[in-house]
Amino acid sequence: MKVGVLALQGDVREHISALVACGVYPTPVRRRQELDAVQALVIPGGESTTIAHLAQLFDLMEPVRNRIARGMPVFGSCAGMILLAENILGAKAGQKGFGGLDISVRRNAFGRQVDSFESEIPFADGSRELVRAVFIRAPWVEKIGQGIEVLAEIDSHPVAVRSRSILATSFHPELTGDHRIHSYFIEEVARTALQEVQ
Ligand code: GLN
């Protein structure tokens with residue numbers, strides 16, 4: 001499977017290492033041709049406004065949006081989750097994303113005092129092991145639409161959600177060395193979605 005990592009800003013290298021650990025050979029995506037060559041895409045954590053701005057500059061905004069709308073499997077962590085949300089609360093004026101995921105997210109939802117924190121949380125992939133979750137000025141999901149599955153939550157706020165081909169986490173699995181979420185994306189989300197279109 002050819003997996004790309006949107007390489008405009010944020011923790012691109014960390015996602016690449018995590019994907020390599022899962023046995024796929026990811027390619028950085030900065031240009032249209034690179035996007036066209038991949039079957040699935042990871043949108044890293046970073047700063048959603050900066051990534052969106054660069055996506056416009058690199059003429060990737062519409063192409064990524066269209067691929068997602070046509071069912072390309074995609075995983076977004078933190079800023080990536082914000083960019084996948086259909087509705088962004090606390091958005092900067094004019095802030096746009098790729099959309100595709102029928103959720104409302106609140107940016108920087110956990111507030112200043114708990115700007116960044118780590119927690120061990122259950123993740124609904126069928127394993128009983130907790131997942132180590134790193135939150136950095138993280139969003140949470142405030143509203144979910146139809147067909148959205150909640151995979152993890154903190155204090156009743158969803159922090160990991162999935163629609164069929166789209167996975168998003170408020171936290172950064174790329175920063176922990178625990179590759180469970182990446183492997184869930186590859187094995188459960190992307191492979192299933194790609195088999196359905198074949
Ligand atoms: N608060 C950031 C944003 O709005 C996301 C933070 C992150 O990705 N660690 O884009």
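First listed ligand is number 1; within each ligand, the first listed atom is number 1. These numbers come from a predicted model, not from an experiment. The figures here come from the full heavy-atom set of this structure, side chains too, leaving out hydrogens, waters and symmetry mates.
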Should the pair Glu47-Arg107 be classified as a salt bridge under the 4.0 Å nitrogen-to-oxygen rule? yes
Identify whether the distance between the nearest side-chain nitrogen and carboxylate oxygen of Glu129 and Arg180 falls below 4.0 Å. no
Using the ring-ring contact (aromatic ring centres under 6.0 Å, His included) criterion, which residues pair with Phe98? Sequence neighbours excluded. none
Correct closest heavy-atom pair for His15 and Glu174 would be NE2-CD, 3.2 Å
If you look only at distance, which donor and acceptor atoms sit under 3.5 Å apart when one is on a side chain in residues 150-159 and the other is two or more places apart or in another chain?
none

How would you list, by chain and number, every residue that makes a side-chain hydrogen bond (donor to acceptor under 3.5 Å, both in side chains) with Glu149, sequence neighbours excluded? none
The answer, listing residues by chain and number that come under 4.0 Å of ligand 1 through any heavy atom, is Gly45, Gly46, Glu47, Ser48, Cys78, Ala79, Ile82, Arg107, Asn108, Ile136, Arg137, His172
